[in-house]
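Worth saying up front: this structure is predicted, and the values here are computed from it rather than measured.
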Amino acid sequence: MVIIRDGRQEEFDRLADIELDAFVTWAQACDVSQEPSCAPVHLLQQSLEENLLLVAEEGGRTVGFALGLMEESTLHIVEIDVEREAQGKGIGKALMLALLERAGGFGCSEAVLTTDRYAPFNAPFYEKLGFRILSAVETPAFLLKRLKAQVDSGLDPERRVAMRLHL
């Protein structure tokens with residue numbers, strides 16, 4: 001049984017381990033050879049303070065997390081990761097739905113993210129939840145900046161997309 005709950009500051013190291021582990025699956029699916037990295041502690045802390053850091057527990061073990069940030073009335077979904085051993089069980093979906101529900105309760109009107117266009121657990125997965133790919137004109141400035149940073153770090157610009165869901 002999976003439990004979704006608020007994250008805690010003392011779990012930041014565990015969340016980094018989960019992100020590094022999940023990177024392997026993502027890198028293989030997206031044909032990425034860059035070095036793995038983790039969300040900076042200041043983003044985890046900001047998400048925690050905004051009550052948008054959620055974790056998934058399975059059998060008493062933290063196996064995944066969702067990191068969201070507020071950008072005015074928009075939820076920016078920065079990261080959703082599930083360790084490899086727990087993938088394929090609906091945990092990522094449970095984290096996403098809980099984060100969207102939380103943000104909606106805070107009065108968010110929409111959620112946005114950046115992702116890979118082709119990996120089945122990225123854009124195609126988000127489209128099933130109601131997200132749609134944005135054109136450059138529709139993409140908020142802060143998200144365009146994030147896309148540019150991702151491309152500058154070596155990710156394929158043809159694969160990177162911004163997506164939005166109206167809540």
Side-chain angles (χ1 to χ4, degrees), residues 1-23 25-26 36-58 60-83 86-87 89-116 119 121-134 138-150 153 155 160-167:
M1 180 173 154
V2 174
I3 297 169
I4 307 296
R5 63 166 175 77
D6 290 329
R8 298 186 295 259
Q9 189 173 34
E10 60 269 17
E11 295 176 301
F12 287 2
D13 287 343
R14 175 69 183 129
L15 302 185
D17 290 343
I18 291 168
E19 188 171 359
L20 291 172
D21 184 72
F23 177 86
T25 300
W26 178 80
S37 62
C38 297
V41 170
H42 75 274
L43 288 185
L44 291 167
Q45 185 64 42
Q46 182 181 349
S47 183
L48 179 72
E49 291 168 3
E50 293 178 5
N51 292 312
L52 293 170
L53 181 64
L54 301 178
V55 299
E57 278 188 6
E58 184 180 45
R61 178 174 165 78
T62 302
V63 296
F65 73 99
L67 188 168
L69 297 173
M70 293 296 296
E71 294 282 345
E72 297 179 14
S73 63
T74 299
L75 168 65
H76 177 199
I77 301 162
V78 178
E79 198 71 44
I80 293 187
D81 287 306
V82 176
E83 70 181 358
Q87 291 174 1
K89 299 178 180 181
I91 295 171
K93 182 178 182 180
L95 281 163
M96 174 63 85
L97 294 176
L99 189 58
L100 294 172
E101 182 179 338
R102 171 79 53 95
F106 291 161
C108 284
S109 59
E110 62 184 10
V112 296
L113 53 83
T114 61
T115 194
D116 183 84
F121 51 86
N122 280 186
F125 166 76
Y126 298 127
E127 286 175 327
K128 290 177 187 172
L129 297 178
F131 283 82
R132 70 177 186 80
I133 294 175
L134 300 174
E138 299 173 287
T139 304
F142 75 89
L143 217 52
L144 285 172
K145 184 177 177 182
R146 180 160 170 88
L147 280 171
K148 182 181 180 328
Q150 291 170 346
S153 76
L155 297 181
R160 298 308 296 169
V161 294
M163 300 184 82
R164 172 184 289 139
L165 172 71
H166 290 287
L167 301 176

Is the shortest side-chain heavy-atom distance between Asp81 and Leu20 below 4.5 Å? no
Are the side chain of Gln87 and the backbone of Val82 linked by a donor-acceptor contact shorter than 3.5 Å? yes
Do the side chains of Asp6 and Arg102 get nearer than 4.5 Å, heavy atoms only? yes
One thing to verify: whether Glu11 and Arg14 come together as a salt bridge, which I'm taking to mean a side-chain N less than 4.0 angstrom from a carboxylate O. no
Under 4.5 Å between any side-chain heavy atoms of Ile77 and Leu100, yes or no? yes
Can you run down the side chain to side chain donor-acceptor pair (under 3.5 Å) pairs that involve residues 90-100, sequence neighbours left out, and say none if there aren't any? none
Which value, rounded to the nearest 0.5 Å, describes the distance between Leu113 atom CG and Glu79 atom CD? 11.0 Å
Does Ala39 offer a backbone N or O that forms a donor-acceptor pair with the side chain of Glu19 under 3.5 Å? yes
Is a side-chain donor or acceptor of Arg164 paired with a backbone partner of Glu138 at a separation under 3.5 angstrom? yes
Given 3.5 Å as the limit, does a donor-acceptor pair link the side chain of Thr74 with the main chain of Glu110, or not? no
If you round to the nearest 0.5 Å, how far is CG of Leu15 from OG of Ser47? 9.5 Å
Pairwise side-chain contact, Phe142 with Glu72, heavy-atom cut-off 4.5 Å (strictly under): no
The single option from Leu99, Leu69, Leu67 that satisfies side-chain contact (heavy atoms from CB on, under 4.5 Å) with Leu53 is Leu67
Let me confirm one number: the CD-CG distance from Glu127 to Asn122, rounded to the nearest 0.5 Å. 11.0 Å
Quick one: CZ on Phe131 to OG1 on Thr115, what's the gap to the nearest 0.5 Å? 10.0 Å
Starting at CG of Leu134, measure out to OG1 of Thr114 and round the result to the nearest 0.5 Å. 11.0 Å
So does Gln150 get a backbone contact from the side chain of Arg160, meaning a donor-acceptor N/O pair under 3.5 Å? no
Within the side chain of Glu71, is there an N or O that forms a donor-acceptor pair under 3.5 Å with the backbone of His76? no
Does CD in Glu101 sit with more than 12 non-hydrogen atoms of other residues, nucleotides or ligands closer than 6.0 Å? no
